[in-house]
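In what follows, a structure is listed as structure tokens, so that the remarks can point back to it.
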There are 4 protein chains.
Amino acid sequence: MVAPSPQDVAVSTTRRIPGTNRLEAFSDGVVAIIVTLLIFEVRLPDVPANASNAEMLAAFGSIWPKFASFTVSFFTVAIYWVNHHNFFAGVTHTDWKLLWANNLLLFFLAIVPFTTAVLGDHLGQPIAVAAYALNLGLAAAAFTLMGWYVLLRARLIDPRISDPARRFEVRRSLIGTSLYLLAAPLGLVAPVAAELLFVAIPIAYIAPGLFGPIGAELRELS
Amino acid sequence: MVAPSPQDVAVSTTRRIPGTNRLEAFSDGVVAIIVTLLIFEVRLPDVPANASNAEMLAAFGSIWPKFASFTVSFFTVAIYWVNHHNFFAGVTHTDWKLLWANNLLLFFLAIVPFTTAVLGDHLGQPIAVAAYALNLGLAAAAFTLMGWYVLLRARLIDPRISDPARRFEVRRSLIGTSLYLLAAPLGLVAPVAAELLFVAIPIAYIAPGLFGPIGAELRELS
Amino acid sequence: MVAPSPQDVAVSTTRRIPGTNRLEAFSDGVVAIIVTLLIFEVRLPDVPANASNAEMLAAFGSIWPKFASFTVSFFTVAIYWVNHHNFFAGVTHTDWKLLWANNLLLFFLAIVPFTTAVLGDHLGQPIAVAAYALNLGLAAAAFTLMGWYVLLRARLIDPRISDPARRFEVRRSLIGTSLYLLAAPLGLVAPVAAELLFVAIPIAYIAPGLFGPIGAELRELS
Amino acid sequence: MVAPSPQDVAVSTTRRIPGTNRLEAFSDGVVAIIVTLLIFEVRLPDVPANASNAEMLAAFGSIWPKFASFTVSFFTVAIYWVNHHNFFAGVTHTDWKLLWANNLLLFFLAIVPFTTAVLGDHLGQPIAVAAYALNLGLAAAAFTLMGWYVLLRARLIDPRISDPARRFEVRRSLIGTSLYLLAAPLGLVAPVAAELLFVAIPIAYIAPGLFGPIGAELRELS
């Protein structure tokens, strides 16, 4: 056990509550509902009661943009959950500012079904693409803000985690945020290029942060 | 450890069950669903398949009242969750009356998506504004009732918490209740003024009660 | 600590798993979703954009049957949750038959939003009333079956709980089941009388079973 | 306590996190939402306000295909939950590949409300039947992949569980997967036969895996 660094003492003016259980449970609930409700935007168009196989296949084929945006949003939001899960595995305390940074993240995630539905109806439309990028960019920015607050500002994790590991994690989050926020203007001029980013960014974040330097330090300490 | 006060002994006629885990989990579930489903009232109007950017922006612009009422309701209900989270951090027991006070709170919160949808469709309409205010006022009243029952009547929290700290918390809750219940008649004559209250009241409650006198006493005792 | 009774030993042929956490979490989730989604059946009819207060009040007034059936169903399902909460506070083990008795209960509860919507659209219609009564009667029967299995058949609670207390609880559950199943044929000839039962039965079950004889014995043992 | 087998040491290159609580809570949430939302596809057709009993019964009768597919899907997804519940009772660690195998399972389960709605509208249509079979087959394949990864590849359960018991469990899962994937082409030529499989397969999986050889070994070890 190492003594808390001076910064950790210095910032302890905001009152802290031990544990993150209910914050995690509430976030799990919100994210579980978001990913599950996304499918309710995917509906087959009206098909006659005794439709032929060809008519039925055509109906399925006609909704591929909705299904594609459902799939991308499902896995994008699932990646937020995986990263949230791993991020909070290292957090030891909450304070009300952390609760609100998390609520801000959940707010932007809660909007994803709306922008996904718009994108599913207008897959190539520049404004629809930019709105989706802006939505995910603001969610990523809220996650970055939360990471900065927990790791560098209020220092609500194990004080023995090194500052370089903390900064690595915040920078990692900032890259995703920047890419989404760049995809918004890009979508206005080249919607397909922005949509390729919507597929590529989540893939880059599949292996979550706990398996990075903070996770390595936490495992050595335990 | 201080002996329970005479009042704490006197009121122990209703049977109590230790722990609040399932009450918290059920409340978390209900609130998570409410905040997440609010977005499903926000839908883009029908836009032609190959809409221009101008048509698309106009469609987004036309739903700003729905988006504004979604945003206010999201954060208002989120504040209930934050305060619920912090309130129950100090509660040690449940009894069936507490379960029902909590169910009454959840009942009024469950109606929020309905009054939010009405407000989103009729932002300046006096009856729509008054209905929203009444809904939130009844939810706040249920929270106040629950606080009064737990803190002053059944005394289901740590008996060492002082009576002035308990009364402070109930009075604090009563102010919000009163403001919403005043906003209902106000909305009938000045809808915009009532709507400014819908934005202002939550902001005043962002820093939750646990960081008030009860929280301070709990931290000194632990 | 008292030795398990012969019956408790005799029935231990089905494999048991200690703990009921995930069963409770899953049930909490299902019930939280049901009570929250009920409000989505309550919608204001279309009202002109600049509606007068009189038109708005008329719109609210026109949906009172939907609001009444929402309210009754919300508190009826909430009572199931309260009783479920208290019932499982005494259960120490699960086996696969208990999981399925619980799933059967959740199945009938999951149908409640459907029969509630039908009742809200056809408040006085005999078939609608009978369908609602049958739905709640089957849910109550599933709860009775689960209670009988846990208390008297597989004996998955503290073996020191007396047989009279167990039988009291099963009989108490059987009364509610019988009343709902009688309300179904009653609804066909006297819908209003059946609907009065829909209001009266939940009120009789507000004070839950844990505060009955099993709860009293559990508290003396702990 | 037995020493870990050489294989268990050999595969420990991917970083592991102890505990599966949040993975279970998130999965419980997603599955609870899926089973509860299925009923929202079941709606009575428009019936006149003062409908006769005969008209009302006809309306109920007309939606039996929706109700039948709701019922089959409810219990099929509930069986996934029961098996998931019992499977994770034996898992001691997670790593990011397990999180993603589980997310893949949840992805296919989240699609079930869509294919159920299609089947409810087109009960005898070959493409609708094949789509439902393919959906459930992919979900079963994801469960099999997860089982193989946990039991045989990453070995994230108690190392004392024997290899024959592990292989039994994976083979058991593979049978269900194969039956659903065979039901897809079968549905194209004989929809009713495939639909009988949709009823028969879940019944065969009602008694879950924990009560098989792994469960027996876990109970002997504890």
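Just so it is clear: chains get the letters A, B, ... in the order the sequence lines come, proteins before strands, and each one is counted from 1.
Interatomic distance, CD1 of Ile33(A) versus CD1 of Ile33(D), reported as 4.5 Å (0.5 Å rounding). Between the CG atom of Asp121(D) and the CG atom of Asp46(A) there is a distance of 8.5 Å, given to the nearest 0.5 Å. Interatomic distance, CZ of Arg22(D) versus CG of Asn21(A), reported as 9.5 Å (0.5 Å rounding). Rounding to the nearest 0.5 Å gives a distance of 10.5 Å between NZ of Lys66(A) and CZ of Phe114(D). Within the model, atoms CG of Leu99(D) and CH2 of Trp81(A) stand 5.5 Å from one another, a figure rounded to the nearest 0.5 Å. The structure places CZ of Arg43(A) at 4.5 Å from CD of Glu41(D), a figure rounded to the nearest 0.5 Å.
The nearest pair of heavy atoms linking Phe74(A) to Leu106(D) is CZ-C, 3.8 Å. The two residues Phe26(D) and Asp28(A) have their closest heavy-atom pair at CD1-O, 3.9 Å. Annotation for Ile111(D) and Phe67(A): closest pair CD1-CZ, 3.7 Å, computed over non-hydrogen atoms. Between Ile39(A) and Ala110(D), the shortest heavy-atom contact is CG2-O, 3.2 Å. Looking at every heavy atom in both residues, Ala32(A) comes nearest to Gly29(D) through CB-C, 3.9 Å.
Heavy atoms of Pro113(D) lying under 4.5 Å from chain A belong exclusively to its side chain. There is no contact between Ile34(A) and chain D, counting heavy-atom distances below 4.5 Å. Neither the backbone nor the side chain of Ala130(D) has a heavy atom closer than 4.5 Å to any heavy atom of chain A. Residue contact with chain D, scored on non-hydrogen atoms closer than 4.5 Å, involves the backbone and the side chain of Phe75(A) alike. For Ile79(A), the parts sitting under 4.5 Å from any heavy atom of chain D are the backbone and the side chain alike. In this structure, the portion of Ser52(A) lying under 4.5 Å from any heavy atom of chain D is its backbone and not its side chain.
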**Asked** Step by step, would you call Val118(D) with Phe60(A) a side-chain contact (heavy atoms from CB on, under 4.5 Å)?
**Response** CA-CA 10 Å; Val118(D) 172; Phe60(A) 273 105; 4.0 Å; yes
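Panel note: side chain Gln125(D), backbone Met56(A); no donor-acceptor pair is recorded below 3.5 Å.
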